[in-house]
Amino acid sequence: MIYTPADLQSDAFADNAPKFAVFGKPIAHSLSPVMQNAALAELAKADPRFARARYDAFEVDSAELNEILPLFAAKNFVGINLTIPHKETVLPALAEADAEVLRARACNTLLKTPSGWRGFNTDGFGLETAIQKAFGVDFENAEVVILGAGGAARGAAFRALAKKCGSLSVANRSRERLQKLADDIRAEGFDCNALELSQDLEIPENAIVVNATSIGLKPDDAPVLDFSKFPRSAVFFDMPYRRGAETNSVVAARGAGVRAASGLPMLAWQGAKSLSIWTGADVESAGKTMLKSLGL
Ligand code: NAP
């Protein structure tokens, strides 16, 4: 069921149980309620405080985001996830923000505190954990190539830099957005190669390549790169995902002998980290429950 902020006045949200939500527009496609409610049910088995806890999806317009946040706090919402288009627009409404939010200028997790909403970004953790578990590699000292320069690419780039990657390249279609991200990276004292996105982008040996563009969301999207030229020593992580099927980029990459994985596990690990921020839940066991709820 998809709610709107007006539904807060209904009986469904009248009790004092801890509540959680994801805000977005569009939001109908979100898998967060399935996986978060599965993990909350597990948590409730050991901790009766969460016996009636619930996590719901709300369709929220950008223009109303900041004015509705106090209403959710008053209704005992403890934690909120944010997806398109709220990750950047929420920043002025935060009472506090963790270092990753400040660096990436994007926030996907809100925690209610006595002084207001505190912002976190768990996307970088989700990406890094999914890459570690899929390929057994991490960002430290790695040659990292990020495709895209939107919100997800920002989170990925600053996570790789914070983990002291060996080099960072960012490739994007529009020059303007690419330049803005490259400028922000340099303003933080890091370096990066800013490249135009093309099918035959040169990929270094042993690189970790992350597709953070929207290419792959639609079933008929062509692969984001020509994988016949992709070094077999490098790995490919596709942030877009399709439930019950691999993205066309992952299919093409594997067909060319490249180790590749798509973004569903990242969704689970970012969700597990959010739940642990809100409730103290163990990230590893919450992540496993969430992966299982997604059929993984
Ligand atoms: P965004 O801010 O809207 O950025 C979209 C990016 O995709 C931009 O760099 C844009 O380039 C590029 N792009 C879009 N269409 C393109 C095309 N036809 N050709 C080349 N480039 C194109 O979106 P976002 O929030 O960063 O999300 C990006 C993707 O990551 C989405 O698919 C999203 O579902 C996925 N994601 C997955 C997870 C997960 O947990 N797995 C988490 C976050 C995001 P321009 O600048 O040229 O427009």
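Order of listing sets the numbers, starting from 1, for every ligand and every atom in it. Every heavy atom of this structure was used, including side-chain atoms; hydrogens, water molecules and symmetry mates were not.
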In the hydrophobic clustering (ILVMFWY, side-chain contacts below 4.5 Å, transitive), which residues join Val34, or is it alone?
-> none
Quick one: name the residues clustered hydrophobically with Phe236, using the 4.5 Å side-chain heavy-atom rule over I, L, V, M, F, W, Y, and just say none if it's on its own.
-> Val145, Leu147, Leu195, Leu197, Leu201, Ile203, Val209, Ile215, Val224, Leu225, Phe227, Phe230, Val250, Val258
Any chance the rings of Phe20 and Trp278 have centres within less than 6.0 Å?
-> yes
Ring centroid separation for Phe120 and Phe125, is it under 6.0 angstrom?
-> no
Go ahead and list the nitrogen or oxygen contacts between ligand 1 and the protein that come in under 3.5 Å, distances to 0.1 Å, or just say none.
from	atom 1	to	atom 2	distance (Å)
ligand 1	2 (O)	Gly151	N	3.1
ligand 1	7 (O)	Ser214	N	3.1
ligand 1	9 (O)	Ala149	N	3.0
ligand 1	9 (O)	Asn172	OD1	2.7
ligand 1	11 (O)	Asn172	OD1	3.3
ligand 1	18 (N)	Arg173	NH1	3.3
ligand 1	26 (O)	Gly151	N	3.2
ligand 1	26 (O)	Ala152	N	2.8
ligand 1	40 (O)	Leu267	N	3.4
ligand 1	41 (N)	Met239	O	3.0
ligand 1	41 (N)	Gly263	O	2.9
ligand 1	46 (O)	Asn172	ND2	2.9
ligand 1	46 (O)	Ser174	OG	3.1
ligand 1	46 (O)	Arg177	NE	3.0
ligand 1	46 (O)	Arg177	NH2	3.3
ligand 1	47 (O)	Arg173	NE	2.9
ligand 1	47 (O)	Ser174	N	2.8
ligand 1	48 (O)	Arg173	NH2	3.0
ligand 1	48 (O)	Arg177	NH2	3.2

Sort and list the pairs that fulfil salt bridge (charged side-chain N to carboxylate O under 4.0 Å, His left out) and have at least one residue in residues 64-93, not counting sequence neighbours.
-> Lys87-Asp123
Let me see the working for Asp184 and Arg186 under salt bridge (charged side-chain N to carboxylate O under 4.0 Å, His left out), right down to the final yes or no.
-> CA-CA 5 Å; Asp184 287 349; Arg186 290 177 190 133; over 6 Å; no
